[in-house]
Amino acid sequence: MANYLQRQSSWTCGMNMASGAKTRVECRLLIRTFEMIAMARSSECPSVAFPMAPEPTSPEMDLAFRSRTNVSSKRSDYISWDEYFMSVALLASQRSKDPVTQVGAAIVTDKVIVGVGYNGMPRGCDDDDMPWGKTAEDPLENKYLYVCHAEMNAILNKNSESVRGSTIYCTLFPCCSCAKYIIQAGINRVVYLKDKPNNKEMIAAKLMFEKSGVQYSQFAPTKRKLVLDFGKLSIDISTSPSTTSSGLSSV
């Protein structure tokens, strides 16, 4: 077998050199490659082995590896509906220009997103001209009198006739003003990621939700990190607890 492969490589190089397609160095490399293949297949060098794909090194990687290589069944590492909708709210929050707090919201009806919003200035108000601070003595120099909250924008930007009976996913528990919008719009369920339990506005919001029959619950993820890597045009899901303050992972 070794002699046959060597003769075959020499004949191939001779033909290529005659046609000018190969250099002498390339032919030597080709001959050496055939020699290594012959050695690996012979009993003279039983220890030579060709590299194989690395095996999974953790249970999580093993599960992902098996789920992606078994093409005869559906993936097992897909995100849940709640994770999907909260991820949309988190992604929307990254459109916010607020230097301190970025909030996003997504309204869902029958597992279909019908409205998305984030906290920002009203339409027509230039983000570069409006104040974004919150500590100035003059209230007109702070953001609070101008910013539209994410929940308000999601309701006003809805692409359906009504959001009655819908669920709204919020990255931060709604304030009392947004709670009024939610109640009046007929939304009957709130799923939130973060809360400020001692904040008076949020305490008032919870009181109004309870009296009006709007259910609210904190989002419970099964995965701690979901990375959208636009450079690789792919999505990586893992259980790493490393996240930024907004909930989106840094890459």
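Hydrogens, waters and symmetry mates play no part in the numbers below; they use all other heavy atoms, side chains included. Not measured: the values here are computed from a predicted model. Numbers for residues simply follow the sequence, beginning at 1.
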Partner residues of Lys143 under the side chain to side chain donor-acceptor pair (under 3.5 Å) criterion, sequence neighbours left out
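By the side chain to side chain donor-acceptor pair (under 3.5 Å) rule, Lys143 matches Asp98.
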Less than 4.5 Å apart, any side-chain heavy atom of Val100 and any of Trp132?
no
Flag the pair Glu83 / Phe219 as yes when at least one side-chain heavy-atom distance between them is below 4.5 Å, and no otherwise.
yes
Besides Ile203, the hydrophobic cluster formed by Ile, Leu, Val, Met, Phe, Trp and Tyr side chains linked at under 4.5 Å, directly or via other members, contains none
Please report the shortest heavy-atom distance between [X] and [Y], naming the atom on each side.
| X | Y | value |
| --- | --- | --- |
| Ile155 | Ala185 | CG2-CB, 4.1 Å |
| Pro174 | Ala179 | CB-N, 4.4 Å |
| Leu226 | Ser87 | CD1-OG, 4.1 Å |
| Ser162 | Ser160 | O-OG, 2.9 Å |
| Thr167 | Val191 | CG2-CG2, 4.0 Å |
| Cys170 | Met86 | O-CE, 3.6 Å |

With sequence neighbours left out, the residues meeting salt bridge (Lys or Arg N to Asp or Glu O under 4.0 Å) with Lys180 are none
For Lys97, give me all partners under salt bridge (Lys or Arg N to Asp or Glu O under 4.0 Å), at least two apart in sequence or on another chain.
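By the salt bridge (Lys or Arg N to Asp or Glu O under 4.0 Å) rule, Lys97 matches Asp127.
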Can you pull out every ring pair (Phe, Tyr, Trp, His ring centres under 6.0 Å) where at least one residue sits in residues 82-105? Sequence neighbours excluded, please.
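For residues 82-105, and leaving out neighbouring residues, the ring pair (Phe, Tyr, Trp, His ring centres under 6.0 Å) pairs sorted by first residue read Trp81-Phe85, Phe85-Tyr169.
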Under the side-chain contact (heavy atoms from CB on, under 4.5 Å) test, residues paired with [X] that sit two or more places apart:
| X | result |
| --- | --- |
| Ser212 | Ile183, Val214 |
| Glu141 | Ala136, Asp138 |
| Glu201 | Cys175, Cys176, Asn199 |
| Phe173 | Tyr192, Asp195, Met202, Ala205, Lys206, Phe209, Tyr216 |

Has Gln215 got more than 12 heavy atoms of other residues, nucleotides or ligands less than 6.0 Å from its CD?
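Not buried by this count: 12 neighbours or fewer within 6.0 Å.
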Side-chain donor/acceptor pairs under 3.5 Å, residues 109-126, sequence neighbours excluded:
{"residue": "Thr109", "atom": "OG1", "partner": "Ser166", "partner atom": "OG", "Å": "2.5"}
{"residue": "Asn119", "atom": "OD1", "partner": "Ser96", "partner atom": "OG", "Å": "3.0"}
{"residue": "Asn119", "atom": "OD1", "partner": "Val103", "partner atom": "N", "Å": "2.9"}
{"residue": "Asn119", "atom": "ND2", "partner": "Ser96", "partner atom": "OG", "Å": "3.4"}
{"residue": "Asn119", "atom": "ND2", "partner": "Thr101", "partner atom": "O", "Å": "2.9"}
{"residue": "Arg123", "atom": "NH2", "partner": "Asn157", "partner atom": "OD1", "Å": "3.1"}
{"residue": "Asp126", "atom": "OD1", "partner": "Asp128", "partner atom": "N", "Å": "2.9"}

Can you list every pair that meets salt bridge (charged side-chain N to carboxylate O under 4.0 Å, His left out) and has a residue in residues 157-167, with sequence neighbours left out?
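For residues 157-167: none.
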Is a side-chain N or O of Glu151 found less than 3.5 angstrom from the main chain of Ile182, in a donor-acceptor match?
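Answer holds: no.
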